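Written out below as structure tokens is the structure these notes cover.
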Amino acid sequence: MRVAPSVNPEHLYIHVPFCLRRCGYCDFAVTATRVAPVDVWLDSIIAELALRQRAAGRSTLDLKTIYIGGGTPSLLGVGAMTRLRDALRRFAAWDDSTVEWTAEANPESFSPQLAEDWAAAGINRISLGAQTFSRVALEWMGRLHGPQGPRRAVKAARAAGIDNISLDLIFALPSRIERDWAGDLDGVLDLKPRHVSLYGLTAEPATPLGRRVESGREIMADEDRYAAEYLLAVDRLGAAGFEHYEVSNFALPGAESRHNRAYWRHRPYIGLGPGAHSYEPPARSWNVRDWGEYSRRLHDGRSPAEGSEELGAGEVTLEKVWLGLRASDGLALDTLTGAQRDRVGEWERSGLAERADGAVRLTRHGWLLLDRLAVELEGAAG
Ligand code: SF4
């Protein structure tokens with residue numbers, strides 16, 4: 001695939017497909033392993049980037065954000081990020097003083113040594129999978145850290161000079177798991193992160209959780225409980241000064257994730273690694289999910305892309321509707337048809353949306369119904 005040379009994505013995602021153990025609800029592109037094959041991973045990632053640059057006729061990417069996600073990037077251990085940085089420098093440039101370079105970490109594999117190593121490599125933002133402080137809930141999820149793990153990891157990051165910390169929390173666990181959601185929110189605020197991401201638990205069919213739910217051995221939280229926990233989080237985080245800037249994301253002023261914001265604003269980005277997606281207008285592409293297949297293809301000099309599609313003007317508009325509704329930027333009213341504006345009026349009267357500065361933005365109650373409202377707006381496009 002050849003894309004227009006004028007497209008120069010400023011945002012790079014790199015996937016680390018390794019975890020110590022697969023959590024019971026996870027359907028991400030990950031492989032469970034005790035020791036991550038760092039050399040093969042690094043060679044594969046860089047080989048993919050070299051292929052992409054050649055195909056696009058580009059020599060250097062000018063990056064504004066880098067995001068190392070997973071999986072469990074902290075499983076790569078000391079030294080990997082410095083090697084990655086040095087290898088990336090052959091294909092990309094960025095300003096160390098302004099780049100947002102995030103890496104995800106899990107508490108059990110994030111040591112003070114690793115924190116020092118990541119800071120020295122240039123990582124300046126950590127996204128930590130805290131999830132809950134309840135031992136019972138952590139065990140139920142298959143998580144490997146204990147209730148004190150997030151506190152230790154946050155302390156290690158700060159001691160290394162990384163203060164831009166985001167914490168992930170999961171909500172809507174089955175009610176039989178006695179988990180104190182309000183206590184978990186207090187626990188997160190007590191760690192003074194700059195950013196919090198919420199994940200509502202879902203039972204994906206191909207996971208152990210999905211099979212347990214399917215066979216009636218597990219009962220998921222009902223809609224009321226889901227809504228109550230979400231709204232409690234919105235209230236508590238808002239009262240603590242966090243801005244609710246995307247359906248699931250909260251930030252202190254100025255601490256929004258610039259990388260994720262680029263996705264929501266439909267900016268071009270490159271994704272490297274198994275299962276990663278890229279958007280280089282007008283094309284969107286995605287890689288094979290299986291780590292073995294991904295690394296074999298690159299070892300043989302073949303592209304790891306599983307598919308790609310070109311987005312027409314109508315599809316781009318539709319994507320912008322979906323993405324715009326997710327974020328507090330909202331959707332510019334002058335991009336909507338008359339029928340869509342009528343629908344927005346109905347949402348306003350129901351307390352699901354509000355208008356300001358020529359845009360429509362969903363309220364917290366609207367965000368609880370995001371998927372349904374996006375389909376409604378799509379349908380009203382005519
Ligand atoms: S740590 Fe995250 S990516 Fe890894 S198995 Fe658990 S949920 Fe999936």
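Both counts, for ligands and for their atoms, begin at 1 and track the order of listing. Everything numeric in this text was worked out from a predicted model, so none of it was measured.
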Q: Fit a plane to each ring of His266 and Tyr279, take the angle between them on a 0 to 90° scale, and name the class: parallel (under 30°), tilted (30 to 60°) or perpendicular (over 60°).
A: tilted
**Q.** Identified salt bridge (charged side-chain N to carboxylate O under 4.0 Å, His left out) counterpart of Asp329 within the set Arg261, Lys320, Arg361
**A.** Arg261
Q) Looking at ligand 1, does Gly71 have a heavy atom less than 4.0 Å from it? A) yes
Going by the order shown, which atoms of ligand 1 are within less than 4.0 Å of some heavy atom of [X]?
X: Cys26; answer: 3 (S), 5 (S), 7 (S), 8 (Fe)
X: Phe28; answer: 3 (S)
X: Arg21; answer: 5 (S)

(Q) Between Tyr245 and His195 (judged by ring centroids, cut-off 6.0 Å), do the two rings come close enough to count as a pair? (A) yes
Q) Do the ring centers of Tyr269 and Tyr13 come within less than 6.0 Å of each other? A) no
Which protein non-hydrogen atom lies closest to [atom], naming both residue and atom, and how far is it?
atom: atom 1 (S) of ligand 1; value: Asn106 ND2, 3.3 Å
atom: atom 7 (S) of ligand 1; value: Arg143 NH2, 3.5 Å
atom: atom 4 (Fe) of ligand 1; value: Cys19 SG, 2.2 Å

Q.
For the residue pair Asp43 / Trp41, report whether a side-chain donor-acceptor contact shorter than 3.5 Å exists.
A. no
Q) Do we see a donor-acceptor contact under 3.5 Å between the side chains of Glu100 and Asn164? A) no
Q | Presence of N, O or S from Cys23 under 2.8 Å of atom 6 (Fe) of ligand 1 | A | yes
